[in-house]
Amino acid sequence: MKIVIIGGGAGGATAAARARRLDESAEIVLFEKGEHVSYAHCGLPYYIGGVIQNRDALLASTPERFKNRYQVDVRTRTEVKRILRDEKAVEVEELDTGKVYRERYDKLILSPGASPVIPQIEGVNLDGIFTLRNLSDADKIVRFINERNPQRALVVGAGFIGLELVENLRRRGMEVTLVEMLDQVLPAMDAEMTKVIEVELKRNGVNLALNEQVVKFEQEGDAIVAEFKSGRKVEVDMVMLSVGVKPNTELASSAGLEIGTKGGIKVNEFLQTSDPDIYAIGDAVEVPHFVTGEPVLVPLAGPANRQARIAVDNIYGRGVKYKGVLGTAIVKVFNIVAASTGVNEKTLNRLGIRYEKCYLHPFAHATYYPGATQMTIKLLFSPSNGRILGAQIVGGDGVDKRIDIFATAILARMSVEDLTHLELAYAPQFSTAKDAVNITGYVASNILVGDSPTAHWDEIENFQDGALILDVRTREEVMLGKYPGAVNIPLEELREHLNELPKDKTILTYCSAGLRGYIATRILVQNGFDAKNLSGGLQMVSRMLPVKELEQH
């Protein structure tokens, strides 16, 4: 068996190692156009920021190591120009010598990755404007920073990599402007969940420009002037473009392999392309989303590694099916951690999938143990059977642990009721006796069975006419601000004032985070009132309303 692999990133390198573990007699050749194989792409922003100072620590392996450990023939600086399917061969060029030759294969694995999207903007090729995709890019950026000592930077695009670059350029002492064409940062999450991130960016001195778009770059002396669509101009010393990636499908397309509807290489559940002897993995492939079934492009290292193992297993006849992708991702932005898995609300609305949701603000560990921090959880689930569809979390400590549990629960097709039965590790410095995941299950289950009639932050305006908005917080809390027109009756006094409340109107109860509002709703419903609880409480509403719109007392 001769296996040829195109691309030495996460997918290609993993495929090579897996093939050797399954077959000691196989001939394995890996072609990589760049200089490096198997490096830590996700660590590149932190290398730029100086958090990772040892560059070699980013190299998970080298061609020499692959040769010595796995007997894999790694050929860097070698570009595959054509796939000759009829001959079962590839035509390659050695970039340093210009030599062109052919290499035959029995099975071919495509792992060509993706390339940064470079927007069609006048002046985008000026010196000092960079994209970040590989270690060579990072080397150029670090060299530029060390030699030019830039003081002002512009980051274009507020996705995961863009946010990591912002933090690391600030760590380098630069004044940073972040521009995003949408009205929120981190478009993979829903807008109300990202407001905390925007506050954190501003708190750390980042100039945030949302609903803005760069239309032109100009060189003025040693500076770059970026002109926005609004007419605003920003003068900087360097620019980082982080507006997404596009799959590298040219080689597959020219070989007549089928390309999917989203522009990636189309593969079946065994990760075979339209040619059964050619497999494709990683950033260039189009795979089904586990929740929705729709084809998606998910350029993440985790899925690429899993796909590599499955593709090689199937080359050796193991019949392993790829279940799909969740897109689980996490990012740290200064002191805030944001994570998501499954589908967001925007996607569910676009696809017309029915859903219910809940918000809550549990603590990462017991509040009596020092250092407890609060997180915000948003859970999306099916109103018919409670199946979990997606989760988003913003907070500090413990976000990673909970998002991984939710991702596991989605893959296991668990319901919100199942979350209440999970037995999770507890000690006061790690969790609470009822973990945040358990509490999320309780809240969602209460909604599902009708114990907690619920409204959400984006529905509160519907209750301003013909309904009573009831604030059940303490009077001291209300002095700091309340929703306009709300009536305050503290929870502990509610039963004493039931005869003063209308039974011919809907009553929307709220507190700060949702728990007291839920208790108030239970009291009211059991006393014959039409009541609903505001999920996530005033914390969710105040994120989306300017503070000045809350009544001050």
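Just so it is clear, the model here is predicted, and its values are computed rather than measured.
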Is a donor on one side and an acceptor on the other found under 3.5 Å between the side chain of Asp404 and the backbone of Lys401? no
Glu286: what forms a salt bridge (charged side-chain N to carboxylate O under 4.0 Å, His left out) with it, not counting sequence neighbours? none
Under the ring-ring contact (aromatic ring centres under 6.0 Å, His included) rule, collect the residues that match up with His365, sequence neighbours excluded. Tyr369
Can you list the residues that meet the ring-ring contact (aromatic ring centres under 6.0 Å, His included) rule with Phe66, with sequence neighbours excluded? Tyr70
Show me, pair by pair, the donor-acceptor contacts under 3.5 angstrom made by side chains of residues 221-229, not counting sequence neighbours?
none

For Asp56, which residues count as a salt bridge (charged side-chain N to carboxylate O under 4.0 Å, His left out) partner, sequence neighbours excluded? none
Residues two or more places apart in sequence or in another chain: which of them pass salt bridge (charged side-chain N to carboxylate O under 4.0 Å, His left out) with Arg20? none
For residues 32-44, pull every pair meeting salt bridge (Lys or Arg N to Asp or Glu O under 4.0 Å), keeping only residues two or more places apart or in separate chains. Lys33-Glu79
If a pair satisfies salt bridge (Lys or Arg N to Asp or Glu O under 4.0 Å) and one of its residues is in residues 289-306, list it, with sequence neighbours excluded. Lys262-Glu294, Glu294-Arg350
Using salt bridge (charged side-chain N to carboxylate O under 4.0 Å, His left out) as the criterion, list what pairs up with Lys216, not counting sequence neighbours. Glu218
Qualifying residues under ring-ring contact (aromatic ring centres under 6.0 Å, His included), relative to Phe217, sequence neighbours excluded: none
Between Glu175 and Arg152, does any side-chain N to carboxylate O distance fall below 4.0 Å? no
If the condition is ring-ring contact (aromatic ring centres under 6.0 Å, His included), which residues does Tyr355 pass it with, not counting sequence neighbours? none
Expected output: side-chain Gln151 to main-chain Asn149 donor-acceptor under 3.5 Å: yes
Could you name each residue pair satisfying salt bridge (Lys or Arg N to Asp or Glu O under 4.0 Å) that touches residues 358-370, not counting sequence neighbours? none
